[in-house]
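Beneath this line is the structure, given in structure tokens, with notes to follow.
Not measured: the values here are computed from a predicted model. Sequence lines set the chain letters: A, B, ... in the order given, protein chains first and strands last, and positions in each chain run from 1.
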There are 2 protein chains.
Amino acid sequence: MRYEAVTIRDIAQALGLSTSTVSRALRDSHEISTETKRRVLEHARSINYQPNPIAVSLRERKSRSIGIIVSEIANRFFSEIINGVESVAIDRGYNVIIAQSLESAERELRQIQFLTSRSIDGLLVSVSNETEDTSLFKELHQKGLPIVFFDRVVQDIDTHKVIVDNTLGAFDATVHLIRKGYRRIALVTNVEGLSITKEREAGYRAAMHKHGIPVDDALIRHTRPGGQAEPEAAAIMSSLMGQEDRPDAIFATSDRLTTGCLRYLKKHNIQIPDEMALIGFSNSEITELLDPPLSIVRQPAFEMGTTAIQMLLELIESKRPVTQFRTQVLAAEHVFRQSTQSRDTERVKLR
Amino acid sequence: MRYEAVTIRDIAQALGLSTSTVSRALRDSHEISTETKRRVLEHARSINYQPNPIAVSLRERKSRSIGIIVSEIANRFFSEIINGVESVAIDRGYNVIIAQSLESAERELRQIQFLTSRSIDGLLVSVSNETEDTSLFKELHQKGLPIVFFDRVVQDIDTHKVIVDNTLGAFDATVHLIRKGYRRIALVTNVEGLSITKEREAGYRAAMHKHGIPVDDALIRHTRPGGQAEPEAAAIMSSLMGQEDRPDAIFATSDRLTTGCLRYLKKHNIQIPDEMALIGFSNSEITELLDPPLSIVRQPAFEMGTTAIQMLLELIESKRPVTQFRTQVLAAEHVFRQSTQSRDTERVKLR
DNA sequence: GCTAAATTCGGGAACGTTTGCGTAAATAAA
DNA sequence: TTTATTTACGCAAACGTTCCCGAATTTAGC
């Protein structure tokens, strides 16, 4: 099953030139006469010449492709990021190789090794929730592989990063709940070690403090490393509902956790927001169609993707080693809907 | 920014062997003594040797990577397919390069050219809804590039294909509506030229005929090529609601169309299913959380992905040209929920 | 003990490209 | 006219593999 290839040599022979001349002509070198260039270009397109990227990669020692690893592409948040990454990568002539860890540290390792063995020029990373050992990333970074972290970053590796303002995002969401009259606000959040978890928890705590509400640690729940979000969310909800002093609101900090909580509440016929308010991080486009329409914290995923790839290309295409790194922080958006209406007056008004 | 590489030559020099011997030892050739093999393997892993896939690709004239193009990866249906494709590709040592057409024929063309110029070994294709000119696919296919079509296939290219039983899937959904007492069933469907559109429309018509309900062509609406599904759905809904003899049920034939219709109905405060029933193709995992819980036709996307990649690898790894092609047909699943309850008795029972 | 065969290895070309270097011819400077 | 410089091109090496072919050594056959 071969797929015939027309090479630079074919052009050279057809025109009685050497391969080096043809190569230079195609790259518009100044040491080739305009007449020769014209002939080469013309003949090249007449036989539909396509340079062999593999040969170029071998020679140039770079592949013009970058890798991106996320926890799962079926998650709208990540697929939007990928869209952002792709949109600029394509324009810059880079190929994007997508990999997913599915929240498994082992799979993450394998995928990273796979990507790097494919000689990618750079790597975009959002770590899995199970990742503890970051030595591979450190090693790659030290060896000079350009890496940009996004969303879930690893703190102690000094490179470009792009995140959303998780602290403020969580702060504002919590304040919103407080203003709506909720007091016992449960935080259903990710694995404890994750950067995003810490930041969002910090925002939550700050909001509670600011409004003089004591933080009840029994209301702060993390998922377990490697666990799947939906069942984890259900287990946490079940535990929360089982305790004597139930929460009156839930703040879930990821897409899957949010839908997991919602599914639990509906399954157990717990009225939202009358018995329990719900707000969560989500990038789903149909949260307004849910029952009830969901209040959400939305992350600018596409933009996160474009800035991450831009930073990466900056590293890749830099002539000399970059030593000054920056962390770009994007703002989260909030959409408040019925799932966090206060129980009394306001909801009536809305109908 | 280089990333040091340890080559086969390093091993050869360290052990006082030739590169050819090392290469053969690594590939476990029979013409290398077990002792030499042992030394090579041992030293190779001690210095963490990784074969350069680019050099291998150049030499072998294949890249061990395949391309897949879908309309958009942020669509759950497609991301599930990609998951399926990836899951087997990884195990077989293949790399998956993902591209999206965003329903633009021009972008599709560019992406395909990009993929093929990256010397992929094979291509997985679901065409954009704007695609009319399939000559590129024909050309590639004729040149010997292994291609497998899935979901939206092109009819007149003879190669492996994998689809769901769209006709039966649509038939069953329509029958369900009829049984629930609906008679003026509108079909909100994709671009007319698409294979899936024709099949689903056929299923719809067959169901209507079987139950002796005359088909009103005014109730069959297609989106326009290149159009984005959500606004298209809204426009169609608006037109349907404007006509004198309104439908009493909507059957939408894609993920985005379904949510588009739902969004319209909710926005205009049309009660589902009392004023209008709704069923649609969807692979979203939260349709049961919608208001009302949505009846859906669900496609086995993951399985579609795995079978498509298996078929492709079969073509790629075949020793001699394959001439016998087959079309694998998977069954669609149905989940009937409140959005298609009949108006009277049954719904009361459910509460 | 001599030929034949098997075993084990090295030399070197090839994959398709880019690029340093060399060198004719053409042009400019002297 | 002679020399220096520019222009325009070719040669060949290199990127890291794989594999054809040949050759040296060992083993088998009789």
Subject >> Residue that, paired with A/Lys138, satisfies salt bridge (Lys or Arg N to Asp or Glu O under 4.0 Å) out of A/Asp156, A/Asp133, A/Asp158 >> reply: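 In the set A/Asp156, A/Asp133, A/Asp158, the residue that makes a salt bridge (Lys or Arg N to Asp or Glu O under 4.0 Å) with A/Lys138 is A/Asp156.
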Between [X] and [Y] (salt bridge meaning N to carboxylate O under 4.0 Å), is one present in this structure?
{"X": "B/Asp28", "Y": "B/Lys37", "result": "yes"}
{"X": "B/Arg152", "Y": "B/Glu103", "result": "yes"}
{"X": "A/Glu130", "Y": "A/Arg107", "result": "no"}
{"X": "B/Glu42", "Y": "B/Arg39", "result": "no"}

Phosphate OP1/OP2 of [N]: any [X] side-chain N/O under 4.0 Å:
{"X": "B/Tyr49", "N": "D/dT17", "result": "yes"}
{"X": "B/Arg59", "N": "C/dA13", "result": "no"}
{"X": "B/Ser20", "N": "D/dC19", "result": "no"}
{"X": "B/Ser18", "N": "C/dG10", "result": "yes"}

Looking only at side-chain atoms of [X], point me to the closest of [options].
{"X": "A/Arg61", "options": "D/dT18, D/dC11, D/dC15", "result": "D/dC15"}
{"X": "A/Leu58", "options": "D/dT17, D/dC15, C/dC15", "result": "D/dC15"}
{"X": "B/Asn52", "options": "C/dT18, D/dC9, D/dG16", "result": "D/dG16"}

Subject >> Residue whose closest nucleotide on DNA chain D lies nearer the 5' end, B/Arg24 versus B/Pro51 >> reply: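 Its nearest nucleotide lies further toward 5', so the answer is B/Pro51.
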Original post:
Which part of the nucleic acid does A/Ser23 contact within heavy-atom distance under 4.0 Å: base, sugar-phosphate only, or nothing?
Top reply: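 Base, at least one base heavy atom under 4.0 Å.
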Original post:
Any side-chain donor-acceptor pair under 3.5 Å between A/Asn83 and B/Gln100?
Top reply: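 A/Asn83 vs B/Gln100: donor-acceptor pair found between side chains.
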**OP:** Rounded to 10°, tell me the angle between the two end axes of the helix from C/dG1-D/dC30 to C/dA30-D/dT1, each built from five pairs.
**Re:**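 End-to-end axis angle for the helix from C/dG1-D/dC30 to C/dA30-D/dT1: 50°, rounded to 10°.
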Original post:
Counting only non-hydrogen atoms, which of residues 25-39 of chain A are less than 4.0 Å from DNA chain D?
Top reply: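 Nucleic-acid contacts, sorted: A/Glu31, A/Ile32, A/Ser33, A/Thr36.
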Are any side-chain N or O atoms of [X] and backbone N or O atoms of [Y], one a donor and one an acceptor, separated by less than 3.5 Å?
{"X": "A/Ser126", "Y": "A/Val70", "value": "no"}
{"X": "A/Lys161", "Y": "A/Gln155", "value": "yes"}
{"X": "B/Thr116", "Y": "B/Ile112", "value": "yes"}

Original post:
Quick one: B/Ile54 CD1 to D/dG16 P, roughly how many Å, whole number?
Top reply: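 Between P of D/dG16 and CD1 of B/Ile54: 11 Å.
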